[in-house]
Amino acid sequence: MTGSVEFQRLPKTVVPRHYALYLHPDLVGLTFTGHVICDLEVKSQCSTIVCNSAELEVTEVTVTDANGVTQRPAVELSAELETLTCRLQQPLAPGAAQMRLKFAAPLTDKMRGLYRCKYTSPSGEERFAAATQFEATDARRCFPCWDEPALKATFDITLVAPRDRVALSNMPVSREEEYPGRPELRVVHFATTPIMSTYIIACVVGEFDHIETTSDNVCIRVYTPLGKGEMGRFALDCAAKILPYYKGYFGSAYPLPKLDLIAIPDFASGAMENWGLVTFRETCILVDPVNTSTARRQFCAQVVGHELAHMWFGNLVTMEWWTHLWLNEGYAEFAMYLSTDYLFPHYKIWMQFVSECYMGALATDSLRTSHPIEVPVSNPSEVDEIFDGISYDKGACVIRMLHEFLGHEAFKRGMNLYLKRHQFGNTFTEDLWAALEESSGRPVRDVMSTWTRQTGYPVVRVSERREGTTRIITASQRRCLADGKPDADDQMWMVPLSFSSSQSPSETIHKVILSERTTEVRLENIGPDDWVKLNPGAVGFYRVQYPPEMLEQFKSAIATKVMPALDRNSLVDDLFALVQAGDSSTVDFLRLARSFVDEDEFTVWSCLLSSLRRLWPLLQHTEMLEPFHAYCRQLLRTIHKRLGWQQREGEGHMTTLLRPMVIAHLVSFNDQPTLAEAERLFRAHQEGTGTLHADLRSAAYRAVLKRGGKAEFDMMLKLYREAEMLEEKNRIAHALGSIPDPELLTSVLEFALSDEVRAQESVFVMISVSANRLGHELTWDFYKRNCQILCDRYKGRLLAQLVKSLTEDFTTEERALEVEQFFVEHPHPGAERSILQSLETIRLNAAWLQRDRQALSEYLAQCQ
Ligand code: BES
Ligand code: ZN
């Protein structure tokens with residue numbers, strides 16, 4: 001547990017300027033040793049030096065002053081604060097000094113610090129590679145260092161590696177030599193890095209193939225597992241095009257001489273932006289022309305775009321402290337849409353932004369347990385916890401809103417100014433606002449602070465009056481809360497309001513900032529039958545609540561699709577939020593949803609289906625489940641018929657994405673013809689008489705298991721064991737939870753924790769069991785029994801995601817109390833906010849079900 005000793009940032013009396021770091025991982029003994037020489041600057045006379053170190057055995061510490069006088073300080077390690085303190089006999093005078101240390105530690109399988117990764121060689125032998133993951137606070141698990149983003153330094157890195165292994169770090173190799181007396185080893189020296197933060201340092205030693213290209217004089221390589229070089233081609237092409245694009249967009253060239261992208265077999269997150277050596281989970285970079293689904297392929301392009309944006313936003317200019325993490329992640333998330341749109345305009349990625357990013361952010365941020373984008377954090381587990389939907393998705397949403405507000409050119413100029421002014425330095429959120437304010441002459445700081453310093457966002461309530469052809473709109477704001485209860489804090493935002501009308505549905509006819517509680521807007525030349533809508537394109541981070549008369553006017557524009565997709569989309573989503581809040585009823589929503597049977601836009605379906613999925617936990621243990629499934633099947637019938645099972649030549653990318661989404665949902669809703677056809681396609685594929693497109697495999701595997709028993713289960717396990725590609729393995733593993741047999745579900749849970757499933761994937765296998773009605777309770781019990789093992793195995797995001805998914809679908813107050821009690825008895829540092837959010841969601845579910853149960857039950861019965 002953390003917390004009994006107060007966490008503090010490192011003192012700035014002594015700061016690092018340069019590190020010479022030497023690391024020797026032993027891939028057989030599974031330990032590593034190393035030493036580091038830190039060139040220091042002593043800012044004021046001092047007799048202690050404090051830096052970070054965690055889980056390292058540190059030996060032979062010496063400190064040398066500017067006159068070459070060396071002393072051996074007393075060294076104290078604090079496991080709790082993760083610090084190393086040197087107490088000097090002779091104080092150091094201001095000026096230069098040097099500290100040397102030796103250290104050693106095991107190469108653990110915890111996927112942080114310098115850790116081991118297991119892989120199987122082409123000859124079938126089990127082997128280990130070593131890789132690093134330092135963000136946010138784990139560089140200190142590899143070497144003693146000043147492990148804070150603001151304490152930048154330059155690095156000379158040296159790796160000892162077996163002669164026949166690849167050894168990589170941030171910079172290119174400067175020279176190599178044989179390891180004295182051990183010809184099987186070599187010593188690899190890398191060129192000096194630019195000044196940079198510790199969390200983006202990286203090293204990898206292992207067996208990899210690579211492919212390469214050059215773009216803008218930068219050598220770009222993609223490293224893959226042996227024999228899979230070509231699977232790196234897609235990412236390589238993306239990277240080669242993105243670098244010059246970002247150079248133009250950010251106004252400066254990529255500053256390092258090389259860029260490596262590497263697939264790491266054991267990897268906790270999706271990807272990590274180490275400068276010059278970006279590490280990826282295999283499924284976020286490897287693309288196979290036949291076996292990768294369309295959605296995965298798109299995602300790989302996005303991940304590359306996201307990580308490469310960090311080369312500027314994050315690596316060149318870095319947040320001063322983790323409170324400003326969103327400057328990294330929110331911005332990279334935004335930039336990834338820009339770059340993906342540039343590479344693949346037919347992806348219509350900005351439309352997907354709304355369903356993928358914007359709607360989730362609005363949902364999370366309506367919880368009372370959400371947090372401001374800029375959030376004070378101190379200890380490492382608090383830091384881990386803010387890599388969440390608020391920093392990423394809400395962060396990207398408010399940047400998109402600002403981008404729209406300032407216009408592309410002013411935005412870009414301001415951002416270029418920011419990067420230029422702060423390159424190789426550190427920033428606060430304010431620094432970005434200052435640059436954008438200078439470039440645009442607009443009150444960026446005042447407007448944006450209301451979005452980044454407060455939790456939540458507003459719902460804007462509107463009403464209209466008519467005076468001839470003038471439409472007078474009254475708009476007022478209050479905080480949008482999931483439970484619909486009033487907000488005690490009376491918060492206000494500076495809300496960039498925008499308006500469209502039926503005369504030109506995709507154009508903004510008026511813009512104004514709502515900076516008070518209420519404002520009145522006069523719109524001229526609006527015809528008597530025209531509708532007026534707020535927030536066209538769903539760019540503003542707020543919801544709108546219309547009076548019934550205004551909603552009524554939208555109806556035909558929705559049905560005829562005269563209203564643009566994103567606007568139809570946000571009407572549905574805003575209405576659903578009102579339903580959750582109890583301001584409208586679930587039955588109203590289901591009625592409205594039926595008017596979308598002819599809908600064919602991916603984003604609109606994505607939004608409708610995620611609302612329906614949100615209802616599922618409320619109904620899963622009630623008699624309403626089957627009638628609800630019947631309702632959903634009915635809703636999807638027309639679009640399913642229209643799309644069929646086969647991709648058609650020349651169809652749009654969004655259609656290609658929509659088909660598997662529709663089929664997967666029909667499988668979830670137990671649509672018998674769909675289950676049968678999916679199984680038929682699967683069997684044909686197995687027998688070699690047909691092919692099952694990668695896009696349909698997930699759904700087909702679930703269909704087979706849903707209809708199956710032990711035989712199908714064993715067959716799927718066999719396929720899992722034979723699968724070469726991680727993406728394919730995952731598809732199978734995530735389908736296992738669909739088996740309708742409690743005993744087999746228990747074996748899926750055990751399988752999830754076995755050696756056969758990589759630690760980073762087992763969380764999702766457990767979640768798949770929990771998503772099965774029959775496995776829900778089972779998984780939670782399993783979690784409680786194995787809590788200690790799981791907590792040791794996962795720190796950070798994976799654990800938070802797991803406990804949230806396993807608990808948030810409960811629907812009673814008793815459950816809320818039980819879950820609450822469990823976590824009081826078993827503290828989960830790093831998952832605390834997720835647990836609070838889960839509890840809040842359970843209570844929302846309980847109130848919601850109670851409120852709407854009767855009416856829903858009647859409505860669903862009558863639908864049949
Ligand atoms: N910097 C993060 C990786 C990270 C996440 C490090 C959490 C430490 C803790 C990286 O840039 C990132 O955001 N990765 C994403 C993938 C991306 C495409 C959204 C991830 O891992 O989910
Ligand atoms: Zn990121």
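Residues: numbered from 1 along the sequence shown. Bear in mind the structure is a predicted one, so any value in this text is a computation, not a measurement. One-based numbering, in listed order, for ligands and for the atoms of each.
For the ligand labelled ligand 1, residue A332 lies outside the 4.0 Å heavy-atom shell. Note on ligand 1: E333 sits in its first shell, one or more heavy atoms being nearer than 4.0 Å.
Looking at H306 next to ligand 1, an N or O pair under 3.5 Å apart turns up. Looking at Q302 next to ligand 1, no N or O pair under 3.5 Å apart turns up. Close N/O approach between A271 and ligand 1 is found [any backbone or side-chain N/O within under 3.5 Å].
The contact set between ligand 1 and R797, taken as ligand atoms under 4.0 Å from a residue heavy atom, comprises 5 (C), 7 (C), 20 (C), 21 (O), 22 (O). Residue contact check: E273 has heavy atoms under 4.0 Å from atoms 1 (N), 2 (C), 10 (C), 11 (O) of ligand 1. Distances below 4.0 Å separate heavy atoms of H310 from the following atoms of ligand 1: 11 (O). Using a 4.0 Å cut-off to heavy atoms of G270, the atoms of ligand 1 that qualify are 20 (C), 21 (O), 22 (O). Within ligand 1, counting atoms from 1 as listed, the ones closer than 4.0 Å to a heavy atom of E307 are 10 (C), 11 (O), 12 (C), 14 (N), 16 (C).
Looking at Q133 and M111, their side chains never come closer than 4.5 Å, going by heavy atoms from C-beta outward. Residues L308 and S339 fail the side-chain proximity criterion, which asks for heavy atoms closer than 4.5 Å.
Remark: R400 qualifies as a cation-pi partner of Y358 under the 6.0 Å distance and 45° angle criteria applied to the six-membered ring.
The aromatic ring centroids of Y457 and W451 lie 6.0 Å or more from each other. Between W275 and F155, the ring centre distance reaches or exceeds 6.0 Å. For an aromatic pair to be called close, the ring centres must be under 6.0 Å apart, and W350 with F334 satisfies this.
Counting backbone and side-chain atoms alike, E329 contributes an N/O/S atom closer than 2.8 Å to the Zn ion (ligand 2).
Across E727, R697, R296, a single residue satisfies side chain to side chain donor-acceptor pair (under 3.5 Å) together with N291, and that is R697. Remark: of the listed residues D388, T364, D365, D388 is the sole one forming a side chain to side chain contact (heavy atoms under 4.5 Å, CB included) with H371. For the ring-ring contact (aromatic ring centres under 6.0 Å, His included) with Y337, the qualifying choice from F353, Y342, F344 is F353, the only one to do so.
From the protein, the heavy atom lying nearest to atom 6 (C) of ligand 1 is E135 OE1, 3.2 Å. In this structure, the protein non-hydrogen atom closest to atom 13 (O) of ligand 1 is Y392 OH, 2.6 Å. If you check which protein heavy atom lies closest to atom 7 (C) of ligand 1, you get F387 CD2, 3.4 Å.
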Determine, step by step, whether F424 and V317 satisfy the side-chain contact (heavy atoms from CB on, under 4.5 Å) criterion, reporting the C-alpha distance in whole Å, the side-chain angles of both residues, the deciding distance to 0.1 Å, and the verdict.
CA-CA 6 Å; F424 302 107; V317 178; over 6 Å; no

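Considering just the N/O/S atoms of H310, the one nearest the Zn ion (ligand 2) carries the name NE2.
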